[in-house]
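Below: one structure, written as structure tokens.
Everything numeric here is computed off the predicted structure, so don't read it as measured data. By convention here, the first residue in the shown sequence is residue 1.
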Amino acid sequence: MKTIAALLALFAFLGPAHSEMMEVRPVAENVYAIVGPLTNRTPENLGNNATFGVVVTSEGVVLIDSGGTAKGAAAIESAIRQVTDQPVKVVINTGGQDHRWLGNAYFKARGARIIASRRAVEDQRARTQDQFFILGTLVGEAGLAGTEAVHADEVFDERLDLTVGDTRFELHHAAHAHTPGDAFVWLPAQRVVFSGDIVYMERMLGVTAYSRSRTWIEAFDAMAALDPKVVVPGHGTPAPLARAVAETRDYLVFLREAVGEFMDNGGGIEAIGSIDQSHFSQLFNFEQLKGRNAQQVYQEMEWE
């Protein structure tokens with residue numbers, strides 16, 4: 001582990017250029033979303049192709065997800081400076097994807113406390129080597145420089161109630177969703193939820209070998225039961241719950257029903273691309289992901 005001084009020196013040269021790839025959007029009083037691009041990880045976005053959360057409390061900033069690389073974390077910090085000079089006191093990792101946790105070392109070196117679900121940390125540990133390999137390919141070795149695998153100081157199983165300064169948070173791990181340890185962060189006073197990768201908006205969600213489409217719907221429903229006024233998704237811009245339903249839950253339900261019918265009719269996985277998913281064609285990455293999603297759900301449902 002690098003010393004705090006060494007880490008601070010490593011990122012001192014970073015200017016605001018990379019933070020400009022992310023848009024800071026107000027969600028409620030003292031609550032913001034940092035919206036990254038919908039594209040894949042690139043050298044330009046430093047792995048920050050996701051949406052992050054910022055809550056400014058009377059005792060400092062609570063950051064929801066720390067970025068895809070150490071330099072990506074520095075870019076997030078630069079974006080935070082657009083709304084407050086307060087330091088990041090707490091980082092919450094909402095899941096096991098790289099952009100949810102690989103900026104942890106940067107913020108821990110500056111004194112932040114790191115929190116995640118137990119299953120998220122298990123997932124992070126299991127996939128660390130693969131994530132570093134893929135990131136090295138996508139963002140380049142220069143973009144990955146300084147990134148270290150640092151996990152949460154505090155873990156929880158199903159729920160953790162947290163108060164920071166004048167703000168109350170509820171952290172919920174309801175079920176295996178996009179990744180095994182996905183959690184959502186609920187601000188009851190503001191009726192804002194940070195969903196992590198339980199919700200995708202504007203961009204088609206990705207069902208991977210680490211996902212479980214059936215229980216993903218359960219995780220979504222647990223979040224929706226809180227009746228949030230605003231959903232800050234893991235990817236895309238904040239919006240009312242109805243849009244999250246239309247672009248995440250409805251797609252998961254459709255996909256499982258369509259794949260199930262296809263299987264009942266004797267369809268083989270080699271022909272799974274024939275399923276018509278055009279109702280969701282407005283979503284970014286539709287062409288790239290529709291076939292893979294259907295194939296993955298087929299393989300999942302074979303064993304249910």
How far apart are the closest heavy atoms of [X] and [Y], and which atoms are they?
X      : Y      : answer
Met201 : Ala239 : SD-CB, 3.7 Å
Met223 : Ser195 : SD-CB, 3.8 Å
Gln277 : Gly291 : NE2-N, 4.4 Å
Ala174 : Ala219 : CB-CA, 4.1 Å
Ser117 : His173 : CB-CB, 4.1 Å
Val192 : Trp186 : O-CE3, 3.3 Å

With sequence neighbours left out, which residue pairs that include part of residues 253-275 fulfil the ring pair (Phe, Tyr, Trp, His ring centres under 6.0 Å) condition?
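As it turns out, the ring pair (Phe, Tyr, Trp, His ring centres under 6.0 Å) pairs with a partner in residues 253-275, which skip direct neighbours, are Phe254-Phe280.
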Please, which pairs that meet ring pair (Phe, Tyr, Trp, His ring centres under 6.0 Å) have at least one residue in residues 125-154, sequence neighbours excluded?
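Listed by first then second residue: Trp101-His151.
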Any side-chain donor paired with an acceptor under 3.5 Å for [X] and [Y]?
X      : Y      : answer
Arg168 : Thr163 : no
Asn93  : Asp65  : no
Gln97  : Thr179 : no
Ser281 : Ser278 : no
Asn104 : Ser66  : yes

Salt-bridged, [X] to [Y], with N to O below 4.0 Å?
X      : Y      : answer
Glu122 : Arg118 : no
Glu304 : Arg256 : yes
Asp182 : Arg100 : no
Arg119 : Asp157 : no
Arg159 : Glu170 : yes
Glu154 : Arg113 : yes

Side-chain donor-acceptor pairs under 3.5 Å in residues 225-237, sequence neighbours left out?
unit_1, atom_1, unit_2, atom_2, d
Asp227, OD2, Arg191, NH2, 3.4
His235, ND1, Asn49, O, 3.0
His235, ND1, Arg203, NH1, 3.1
His235, NE2, Asp197, OD1, 3.2
Thr237, OG1, Glu202, OE1, 3.0

Can you check whether Tyr251 and His279 have ring centres sitting under 6.0 Å from each other?
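Centroid distance Tyr251-His279: not below 6.0 Å, so no.
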Sub-6.0 Å ring centroid separation between His178 and Trp216
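For His178 and Trp216, the ring centres are under 6.0 Å apart.
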Going from [atom1] on [X] to [atom2] on [Y], what distance comes out if it is rounded to the nearest 0.5 angstrom?
X      : Y      : atom1 : atom2 : value
Asn48  : Asp98  : CG    : CG    : 9.5 Å
His176 : Glu218 : NE2   : CD    : 11.5 Å
Phe107 : Leu63  : CZ    : CG    : 5.0 Å
Thr94  : His172 : OG1   : NE2   : 14.0 Å
Leu144 : Ile134 : CG    : CD1   : 12.0 Å
Gln296 : Leu255 : CD    : CG    : 10.5 Å

Just jot down the side-chain hydrogen bond (donor to acceptor under 3.5 Å, both in side chains) partners of Asp123, sequence neighbours excluded, or say none.
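With neighbours one apart ignored, the set is Arg127.
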same_hphob_cluster([X], [Y]) at 4.5 Å side-chain heavy-atom cutoff:
X      : Y      : value
Val193 : Val54  : no
Val56  : Val164 : no
Val55  : Val24  : no
Leu160 : Phe169 : yes
Leu283 : Ile275 : yes

Evaluate side-chain hydrogen bond (donor to acceptor under 3.5 Å, both in side chains) for Tyr106 paired with Glu148, printing each intermediate quantity in order.
CA-CA 9 Å; Tyr106 179 88; Glu148 296 182 65; over 6 Å; no
Trace of the side chain to side chain contact (heavy atoms under 4.5 Å, CB included) decision for Val245 with Thr248:
CA-CA 6 Å; Val245 171; Thr248 291; over 6 Å; no
Do [X] and [Y] come close enough that some side-chain heavy atom pair is under 4.5 Å?
X      : Y      : value
Arg212 : Val207 : no
Val297 : Ile272 : no
Gln131 : Gln124 : no
Leu135 : Thr147 : no
Leu252 : Phe220 : no
Thr57  : Val62  : yes
Leu46  : Met21  : no
Val35  : Met22  : no

Backbone N or O of Gln86 within a donor-acceptor pair of the Thr84 side chain at under 3.5 Å?
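A pair under 3.5 Å: yes.
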Give a yes or no on whether the backbone of Gly267 and the side-chain of Tyr298 come within a donor-acceptor separation of less than 3.5 Å.
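Checking the backbone N and O of Gly267 against the side chain of Tyr298, a donor-acceptor pair under 3.5 Å is found.
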Run the ring pair (Phe, Tyr, Trp, His ring centres under 6.0 Å) test against Phe194 and tell me which residues pass, sequence neighbours left out.
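For Phe194 there are no ring pair (Phe, Tyr, Trp, His ring centres under 6.0 Å) partners, ignoring immediate neighbours.
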For Gln288, is the CD atom crowded, meaning more than 12 foreign heavy atoms sit under 6.0 Å from it?
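Yes, the 6.0 Å shell around CD holds more than 12 heavy atoms from other groups.
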Tell me, with the steps shown, if Glu77 and Arg110 meet side chain to side chain contact (heavy atoms under 4.5 Å, CB included).
CA-CA 11 Å; Glu77 184 180 53; Arg110 294 167 182 255; 3.3 Å; yes
Compile the donor-acceptor pairs under 3.5 Å between side chains in residues 26-34 and protein atoms, sequence neighbours left out, one pair per line.
none

Give the C-alpha distance, both sets of side-chain angles, the deciding distance and a yes or no for side chain to side chain contact (heavy atoms under 4.5 Å, CB included) between Thr42 and Asn45.
CA-CA 5 Å; Thr42 66; Asn45 64 42; 3.1 Å; yes
So Leu38 and Asn285, side chain to side chain contact (heavy atoms under 4.5 Å, CB included) or not? Walk me through it.
CA-CA 8 Å; Leu38 299 176; Asn285 278 345; over 6 Å; no
